Every structure is written in structure tokens, then in C-alpha cells.
Amino acid sequence: MFVSIEGIDGCGKTTQIKLLAEYLSQLGVEFTIVREPGGTRAGEEIRQILLHKDFQLCAESELLLFMAARAQIVREVVRPALESGRLVIADRFMDSSVAYQGVGRNLGQKVVQFMNSFVVGNTVPDITLYIDVPADVAMSRMRKEKKNDKIEVESLEFFERVRKGYERLMVENSKRFVLIDGRQAEEQVHEDIRKSLSVLIEKRKPNWR
Ligand code: TYD
């Protein structure tokens with residue numbers, strides 16, 4: 001089974017993935033967590049270029065680099081893990097590119113979706129947990145945590161566009177997307193995530209494919 005977790009920066013994704021990993025370990029579920037961009041040798045280098053190196057990347061290059069990192073992780077990690085029956089949890093996946101590059105950077109949703117399908121083929125998440133918070137809430141959380149990679153220093157308008165992008169994706173992929181209210185307390189968000197996964201986990205036990 002393949003689960004992706006999405007949301008704008010500052011939505012609380014990292015904390016929730018940690019809590020989910022603890023919960024799955026307690027259940028005895030064999031799982032693999034992958035992080036985009038990154039997660040492979042080439043992908044981690046690409047992550048540095050995208051988020052931390054001082055290059056003036058145009059939006060088009062940015063998109064292509066995210067796609068290259070994704071192509072690697074799908075083939076090196078995600079597919080082998082799924083084939084061996086593990087539950088795979090992706091900390092961001094294809095929807096991030098649609099929301100951030102397609103809508104946030106105005107490259108267009110269609111072109112990004114076309115590239116995604118070339119890159120991932122049928123390795124599409126079974127379920128996408130979308131942790132939703134308003135852009136201003138997310139930004140004030142980021143300021144507190146002093147997070148400031150290249151994308152995290154974007155404007156409020158940028159994150160509002162990204163959120164709109166996610167909302168559109170949610171409507172278009174209503175079977176796959178689950179909306180989680182990220183404004184709630186950490187424990188409640190975790191509870192909602194557990195609930196949305198429990199049905200699927202029970203159904204697939206003991207093989208998560
Ligand atoms: P993330 O790992 O969530 O950041 P952090 O390590 O700070 O929690 O994501 C890195 C950034 O990359 C984030 O700002 C979103 C952005 N991103 C895109 O713009 N497009 C993409 O396709 C992906 C996967 C991430």
C-alpha cells in the first residue's frame with residue numbers, strides 16, 4: 001500500500017509523519033518512509049541544489065529537478081518496497097509538484113500532470129492525506145521554527161496559490177484524497193490520520209500491497 005502526505009509548508013507534516021511512524025511500529029507494520037525531494041543518492045544531491053544551494057533556478061528547471069528526483073526514488077525505493085509487500089509512506093509526492101510548480105509558480109497544472117504520469121507511471125498513491133492549514137497560519141508557524149529554505153521564504157500569496165492548487169487536486173481526485181484539518185491540536189490531527197488509515201490497514205493485513 002502506498003500513502004502520500006501532502007500540505008503546504010508549515011502544515012505540521014513532519015511532526016505527523018513522526019507520530020505515524022511510532023504508531024505503525026507499535027502495530028508491527030513493516031513500512032518505508034520516503035522524502036521528496038531526496039531519498040536516493042542522486043535525489044539528495046538534487047535536494048541540495050533545489051533547496052539550499054545559491055543557484056538562480058528558473059521555475060522550469062526547478063520543476064525538472066523535482067521530477068528527476070522523483071523518477072529516481074520511484075525506481076530505487078518505492079517500487080521495490082511495494083513489491084516486497086511493505087507499506088510506503090511518502091512525505092510529499094506528485095501532488096506537491098502540481099500545487100507548488102503548476103499552480104504556485106504558474107507553470108500550469110496540465111503540463112505538470114503530464115510529466116508526473118511519465119515519471120511515476122502507475123505508481124500512484126492509494127491514499128493521499130492532505131493536511132490543510134490556511135497560508136497565514138502556516139507562515140506564522142514557519143517563522144516560529146525559523147525555517148527558511150528557498151521555497152519556505154516565498155510570499156503569503158505564493159502559499160495561498162499552492163493551497164488553492166491542493167484544493168483543486170482534492171476535488172479532482174476525491175477518491176484518493178482525504179482532507180485532514182491541520183489547525184487542530186497535534187494529537188487530534190494524528191487521531192484523524194490513524195482513523196483514515198485504519199480501514200485500509202485492516203483490509204490489507206498482513207500484506208500491504
Ligand atoms: P519538505 O521536505 O516538506 O520541507 P521540509 O524539509 O522543510 O519539511 O519540502 C521541501 C520543499 O520542496 C517544500 O517547500 C515543498 C517543495 N516541493 C516543491 O515545490 N515541489 C515538489 O514537487 C516537491 C516534492 C516539494
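Owing to the predicted nature of the structure, the values given are computational and were not obtained by experimental measurement. In what follows, every heavy atom counts, from backbone to side chain, and hydrogens, waters and symmetry copies are set aside. First listed ligand is number 1; within each ligand, the first listed atom is number 1.
At a threshold of 4.5 Å between side-chain heavy atoms, the hydrophobic network of Ile, Leu, Val, Met, Phe, Trp and Tyr places L19 and I131 in two separate groups. Taking hydrophobic clusters as Ile, Leu, Val, Met, Phe, Trp and Tyr residues chained together by side-chain heavy-atom distances below 4.5 Å, F114 does not share a cluster with L65.
From the protein, the heavy atom lying nearest to atom 7 (O) of ligand 1 is E152 OE2, 2.6 Å. The nearest protein atom to atom 9 (O) of ligand 1, hydrogens excluded, is given as R92 NE, 3.1 Å; this is a heavy-atom distance. For atom 13 (C) of ligand 1, the nearest protein heavy atom (residue, atom name, distance) is D9 OD1, 3.3 Å. Annotation: atom 8 (O) of ligand 1 to nearest protein heavy atom, K147 NZ, 3.5 Å. Of the protein's heavy atoms, F66 CE2, 3.3 Å lies nearest to atom 25 (C) of ligand 1.
The CE atom of M139 sits 14.0 Å away from the NZ atom of K144 when rounded to the nearest 0.5 Å.
Under a 4.0 Å N-O distance rule, the pair E167/R163 qualifies as a salt bridge.
A cation-pi arrangement is absent between R105 and Y100, since the terminal nitrogen or guanidinium carbon is not both under 6.0 Å from the aromatic centre and inside a 45° cone about the axis.
Residue contacts with ligand 1 for M67 are absent, since no atom lies close enough (heavy atoms, distance under 4.0 Å). When non-hydrogen atoms are compared, ligand 1 lies under 4.0 Å from the side chain of L51 (C-beta onward) but not from its backbone.
R79 contributes no side-chain N or O that, together with a main-chain N or O of V74, makes up a donor-acceptor pair within less than 3.5 Å. Within the 3.5 Å criterion, the main-chain N or O of I127 finds no donor-acceptor partner in the side chain of R176.
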For F93 and F2, run ring pair (Phe, Tyr, Trp, His ring centres under 6.0 Å): C-alpha distance rounded to whole Å, both residues' side-chain angles, the deciding distance at 0.1 Å, then the answer.
CA-CA 11 Å; F93 197 58; F2 186 19; 5.0 Å; yes
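Within ligand 1, counting atoms from 1 as listed, the ones closer than 4.0 Å to a heavy atom of T14 are 8 (O). In summary, the atoms of ligand 1 found under 4.0 Å from a heavy atom of K13, numbered by their order in the structure, are 3 (O). When each atom of ligand 1 is checked for a heavy atom of I151 under 4.0 Å away, the hits are 12 (O), 14 (O), 16 (C), 19 (O). Ligand 1 places these atoms under 4.0 Å from at least one heavy atom of S97: 21 (C), 22 (O).
In this structure, R47 has a heavy atom closer than 4.0 Å to ligand 1. Distances shorter than 4.0 angstrom occur between a heavy atom of R70 and an atom of ligand 1.
Not a single N or O atom of E62, backbone or side chain, sits closer than 3.5 Å to an N or O atom of ligand 1. Below 3.5 Å of separation, one finds an N or O of Q101 facing an N or O of ligand 1.
Side-chain contact between I180 and V178 is present, with at least one heavy-atom pair separated by less than 4.5 Å.
The number of heavy-atom neighbours closer than 6.0 Å to CD of E45, taken from other residues, nucleotides and ligands shown, is 12 or below.
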